[in-house]
Chemist: 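One structure coming up, written as structure tokens, with questions to follow.
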Amino acid sequence: MSEQAASTARSTPDAAPEARAETKPGAQPKTAPAAKATGRATSRRTGKVTSKAAADAAAKMVAKATAKSASRTPAKAAAKSAPKPATKTAATSAAKPATKSTAKPATESTAKRATKTTAKGAANTATSAVAASKSAAPVRKAAAKPESQTALVRRARRINRELAEAYPYAHPELDFENPFQLLIATVLSAQTTDLRVNQTTPALFAKYPTPEAMADADPEELEQLLRPTGFFRAKAKACLGLSAAIRDRFGGRVPNRLEDLVTLPGVGRKTANVVLGNAFGVPGITVDTHFGRLARRFGWTTSEDPVKIEQEVGSLFPKSEWTMLSHRLIFHGRRVCHARKPACGACPIAPLCPSYGEGETDPAKAAKLLKYELGGGPGQRLKPPSDFPGKPAPPLGEG
């Protein structure tokens with residue numbers, strides 16, 4: 001063997017270690033997510049939303065979200081700049097130049113041996129790189145400990161406190177003056193907005209102010225009054241039935257017990273808890289579509305069943321908090337944490353939410369997604385509480 005061929009043959013196997021050095025499945029893919037997690041964990045609230053004006057409330061909420069977003073930016077940049085593991089193609093291409101350069105000057109047998117060794121080393125390196133990249137995610141998942149029940153309770157109660165600061169004016173968004181009006185309004189709110197119900201009930205209660213009056217209403221006339229709320233025939237039937245039951249079985253007074261309320265036509269646990277919590281001061285959890293969605297996003301439950309959600313969420317909080325917790329989650333779901341595109345970048349509890357990132361995270365873009373008083377528009381009540389920072393809703397036909 002010539003001196004040049006021997007030298008070449010000795011240098012050829014070294015190509016594989018070079019490929020291994022380039023494609024060594026290293027710590028970079030692991031450190032980037034770690035940096036991101038650290039950025040999330042160290043984010044803190046920096047202010048408090050006041051109820052002086054809707055504009056101030058929205059501006060402060062966005063300012064807080066901007067500060068939190070800034071603390072996440074370096075982590076995101078680090079994650080993006082981290083080098084990715086080399087693929088099989090990269091490892092093979094690193095080995096090819098060595099094979100080509102040695103094949104020509106070496107003898108045929110030496111070239112074949114060198115090519116075989118180089119290819120084998122490159123293939124092994126590439127296989128290791130692919131295996132490492134596939135196993136990286138499961139390793140990170142296994143490293144994350146599941147949240148204990150104690151930690152879940154602490155996080156859930158902190159979220160409740162944060163929402164209380166963001167919405168100190170949270171309230172039931174149905175206009176009512178007595179338990180009967182609230183009961184009827186809640187029944188009518190199915191499959192429509194509270195705003196549309198509030199625009200419909202003034203004329204309804206002017207004509208039928210008591211259970212006795214509504215029980216004797218002409219069905220067709222009642223249907224016409226309820227038409228704007230949708231499903232007006234079924235709702236008219238329920239209103240007639242529950243009014244007659246209240247007149248005949250409860251002496252014309254709305255019952256103040258859950259077991260009695262759910263026996264009325266068209267009244268389920270959700271409606272009963274609304275009436276108990278807001279008309280009688282009896283704590284109850286109102287599991288509507290907003291409450292259920294946020295409870296799942298916050299990791300408080302995985303259930304879709306309203307009764308299970310009520311039980312699982314109720315176990316995380318003292319009973320005295322149930323009614324106001326319901327108002328706060330519903331307020332947040334309608335204004336910020338929307339079903340299709342939540343405004344994560346304007347969310348006051350982003351550091352506590354395991355679902356952060358499902359929606360728009362840029363604070364400026366997220367601010368445009370805010371609704372009702374936070375977005376500069378009117379609320380849903382024609383007669384809102386005195387501390388509500390937004391505008392009253394317009395009567396039917398005026399907005």
Side-chain angles (χ1 to χ4, degrees), residues 40 43-73 158-174 189 192-196 198-199 286 288-298 324-382 384-394 399:
R40 286 280 306 277
S43 299
R44 305 290 296 177
R45 284 180 59 86
T46 58
K48 179 178 179 180
V49 176
T50 65
S51 60
K52 289 182 180 178
D56 291 342
K60 289 186 179 182
M61 187 175 289
V62 174
K64 292 174 192 175
T66 305
K68 292 167 188 170
S69 177
S71 68
R72 293 190 186 95
T73 303
R158 186 177 171 192
I159 286 176
N160 184 38
R161 292 194 299 271
E162 298 280 335
L163 291 178
E165 291 184 14
Y167 307 107
Y169 50 87
H171 58 269
E173 295 191 273
L174 289 169
S189 67
T192 190
T193 63
D194 287 355
L195 170 60
R196 186 48 57 93
N198 292 334
Q199 292 173 329
T286 304
D288 70 350
T289 181
H290 303 289
F291 190 100
R293 179 178 72 252
L294 267 64
R296 286 187 292 273
R297 282 180 176 171
F298 294 164
M324 287 308 300
L325 173 71
S326 301
H327 293 325
R328 290 163 192 155
L329 258 67
I330 292 170
F331 254 63
H332 192 58
R334 286 173 172 168
R335 287 151 178 78
V336 179
C337 197
H338 312 134
R340 295 185 180 178
K341 197 172 183 182
C344 293
C347 180
I349 57 166
L352 302 171
C353 181
S355 300
Y356 174 83
E358 284 189 12
E360 180 57 64
T361 57
D362 179 80
K365 293 179 181 178
K368 296 178 181 178
L369 301 175
L370 300 177
K371 294 184 179 179
Y372 299 108
E373 75 281 358
L374 295 182
Q380 298 196 75
R381 293 186 66 166
L382 277 64
S386 58
D387 62 342
F388 180 65
K391 305 172 184 176

Chemist: Is there a donor-acceptor contact under 3.5 Å from the side chain of R293 to the main chain of G333?
Modeler: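 Yes; judged by distance alone, with no hydrogens or angles, the pair exists.
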Chemist: Rounded to the nearest 0.5 Å, what separation is found between the CD1 atom of I349 and the CZ atom of R161?
Modeler: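 Going from the CD1 atom of I349 to the CZ atom of R161 covers 12.5 Å.
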Chemist: Taking the side chain as C-beta and beyond, is there a heavy-atom pair between E373 and R335 under 4.5 Å?
Modeler: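 The answer is yes, as the side chains (C-beta and beyond) meet within the 4.5 Å cut-off.
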Chemist: From L294 CG over to S355 OG, what is the distance, rounded to the nearest 0.5 angstrom?
Modeler: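 OG of S355 is found 9.0 Å from CG of L294.
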Chemist: Are K368 and E360 packed together at the side-chain level, in the sense that at least one heavy-atom pair is separated by less than 4.5 angstrom?
Modeler: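 Answer no - side chains too far apart.
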Chemist: Check whether any side-chain heavy atom of S326 lies under 4.5 Å from a side-chain heavy atom of F291, and answer yes or no.
Modeler: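 SC-SC contact between S326 and F291 confirmed.
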Chemist: With side chains defined as the heavy atoms from C-beta onward, is the minimum distance between R297 and C337 less than 4.5 Å?
Modeler: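 Side chain of R297 against side chain of C337, heavy atoms only: contact under 4.5 Å found.
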Chemist: Contact between R381 and L174 at the side-chain level, heavy atoms closer than 4.5 Å - yes or no?
Modeler: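 A side-chain contact under 4.5 Å is absent here.
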Chemist: Give the ring-plane orientation class for H332 versus F298, where under 30° counts as parallel, over 60° as perpendicular and anything between as tilted.
Modeler: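 Tilted, since the angle between the ring planes falls between 30° and 60°.
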Chemist: Excluding sequence neighbours, so at least two apart, what forms side-chain hydrogen bond (donor to acceptor under 3.5 Å, both in side chains) with H327?
Modeler: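 In terms of side-chain hydrogen bond (donor to acceptor under 3.5 Å, both in side chains), with neighbours along the sequence ignored, H327 is linked to N278.
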Chemist: List the atom of T192, the atom of R196, and the distance in Å for their closest heavy-atom pair.
Modeler: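 Where T192 meets R196 most closely, the heavy atoms are OG1-CB, 3.6 Å.
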Chemist: I'd like to know if the side chain of N198 and the backbone of A393 have a donor-acceptor N/O pair within less than 3.5 Å.
Modeler: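 Answer holds: no.
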Chemist: Is the gap between the ring centers of H171 and F331 under 6.0 Å?
Modeler: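 H171 vs F331: aromatic centres under 6.0 Å.
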Chemist: Any heavy-atom pair between the side chains of L382 and P392 that's under 4.5 Å?
Modeler: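 A side-chain contact under 4.5 Å is absent here.
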Chemist: Which one of R334, Q199, Q380 satisfies the side-chain hydrogen bond (donor to acceptor under 3.5 Å, both in side chains) criterion with D194?
Modeler: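 One option only clears the test, and that one is R334.
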Chemist: Give me the atom names and distance for the closest heavy-atom approach of C344 to G359.
Modeler: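 Scanning both residues completely, I find the closest heavy atoms to be SG-N, 3.4 Å.
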Chemist: Please name the pair of heavy atoms, one in A343 and one in L369, separated by the smallest distance, quoted to 0.1 Å.
Modeler: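 Taking A343 first and L369 second, the nearest heavy atoms are CB-CB, 3.9 Å.
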Chemist: Any non-hydrogen side-chain atom of Y167 less than 4.5 Å from a side-chain atom of V336?
Modeler: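 In short, these two side chains touch, coming nearer than 4.5 Å.
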Chemist: Evaluate the criterion side chain to side chain contact (heavy atoms under 4.5 Å, CB included) for residue pair N160 and R328; output intermediate values, then yes/no.
Modeler: CA-CA 8 Å; N160 184 38; R328 290 163 192 155; 2.9 Å; yes
Chemist: Using side-chain heavy atoms (C-beta onward) and a distance below 4.5 Å, is H338 in contact with K341?
Modeler: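 Answer no - side chains too far apart.
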